[in-house]
Amino acid sequence: MSSITSLRGAHAPSTASDEDESTYIKRTRTLHWVRIGLCAVTLALATAIIATEGHALQYYNQMSKYEKMYLALWPENLELRPSVALVIGGVILALQSLAYSIVALLPSPRSRILLLNSFATAISIIGFVAALIAVVFTLIYTNPHSENGSYRGETINSWTCTWGFGGRDADGVDIDAVADFPQLFRVVSFSGKGLVSRG
């Protein structure tokens, strides 16, 4: 089939043999279902990322209100941007996967090969950029360090990792694990791994 014929769709005159046309339709149908399958996987991963990071942010918001009573559980300069970036990236990926699945599954009396290819390309580019930005935010702002006795660059992930398993601090004093932090650390570390595997 010539490139001009394939761009016009199935209603344009074709010079291909019946066998070539049949092979092309089978490949297109297979590609269609592979794309829908990838959208389902992306939607599941994005939903898991939204749920896990959303849970961590909700936990932070619930516990940060005790700072007014001088019971600080979190560092003063906790960096929330990585968690927010993961939630926003997950929402963008979920919406794109849902949009493509709806458009691809809607019945049409005409061939929509060019429309679906263009839509899939646009969604892939936007999704890649969103995932890249979320991963960059997660990696750049994860640099916990101490300056003059105050913690800087701590994220929800690094802070729950530090206090979730206990151990010893810089002075050699034993640190007990904070309740709910081990589970919160596992949840938050899953969301970061999920987005990196998607991106």
Side-chain angles (χ1 to χ4, degrees), residues 27-64 74-75 77-106 108 112-145 151-165 180-199:
R27 286 183 185 161
T28 303
R29 190 173 298 135
T30 303
L31 180 62
H32 173 75
W33 287 110
V34 166
R35 284 181 180 166
I36 290 176
L38 287 174
C39 278
V41 169
T42 302
L43 182 63
L45 277 174
T47 304
I49 290 167
I50 294 166
T52 54
E53 281 297 323
H55 172 69
L57 286 171
Q58 180 186 18
Y59 186 81
Y60 169 77
N61 288 332
Q62 287 175 348
M63 294 299 144
S64 64
W74 304 97
N77 301 313
L78 186 69
E79 193 64 64
L80 294 177
R81 288 182 281 189
S83 295
V84 172
L86 285 173
V87 169
I88 291 172
V91 167
I92 290 171
L93 291 174
L95 289 175
Q96 288 178 327
S97 297
L98 197 58
Y100 181 80
S101 297
I102 289 170
V103 170
L105 291 174
L106 285 176
S108 174
R112 299 180 305 164
I113 295 169
L114 180 62
L115 170 72
L116 289 177
N117 286 346
S118 301
F119 196 57
T121 302
I123 282 180
S124 297
I125 291 170
I126 293 169
F128 175 74
V129 169
L132 185 66
I133 289 170
V135 168
V136 166
F137 263 95
T138 303
L139 295 178
I140 287 178
Y141 289 108
T142 308
N143 182 19
H145 60 283
Y151 292 101
R152 303 272 184 210
E154 290 284 355
T155 62
I156 291 177
N157 192 352
S158 65
W159 194 251
T160 55
C161 180
T162 301
W163 293 98
F165 299 106
D180 296 332
F181 269 33
Q183 178 193 8
L184 191 62
F185 172 70
R186 286 191 298 274
V187 165
V188 172
S189 64
F190 167 78
S191 65
K193 290 174 187 171
L195 187 65
V196 169
S197 69
R198 168 63 181 116

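Below, each value reflects all heavy atoms present in this structure, side chains not excepted, and no hydrogens, waters or symmetry copies. A quick note: this is a predicted structure, and the numbers were derived from the prediction, not measured.
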Looking at every non-hydrogen atom in both residues, tell me the closest pair between L93 and A46 and how far apart they are. CB-CB, 4.0 Å
State, to 0.1 Å, how close S83 and E53 come at their nearest heavy-atom pair, and which atoms those are. OG-OE1, 2.9 Å
Closest non-hydrogen atom pair between V87 and G54, with its separation: CG2-N, 4.0 Å
How far apart are the closest heavy atoms of C39 and Y100, and which atoms are they? SG-CD2, 3.4 Å
So do V84 and R81 actually touch side chain to side chain, heavy atoms under 4.5 Å? no
Between atom CD1 of I126 and atom CG of L95, what is the distance when rounded to the nearest 0.5 Å? 11.5 Å
Once you round to the nearest 0.5 Å, how far does CD1 of I133 lie from CG of L86? 12.5 Å
Once you round to the nearest 0.5 Å, how far does CD of Q96 lie from CD1 of I92? 7.0 Å
Separation of I102 CD1 from L98 CG (nearest 0.5 Å): 4.5 Å
To check you understand the geometry: which heavy-atom pair defines the closest contact between A94 and L43, and what is its length? O-CD1, 3.5 Å
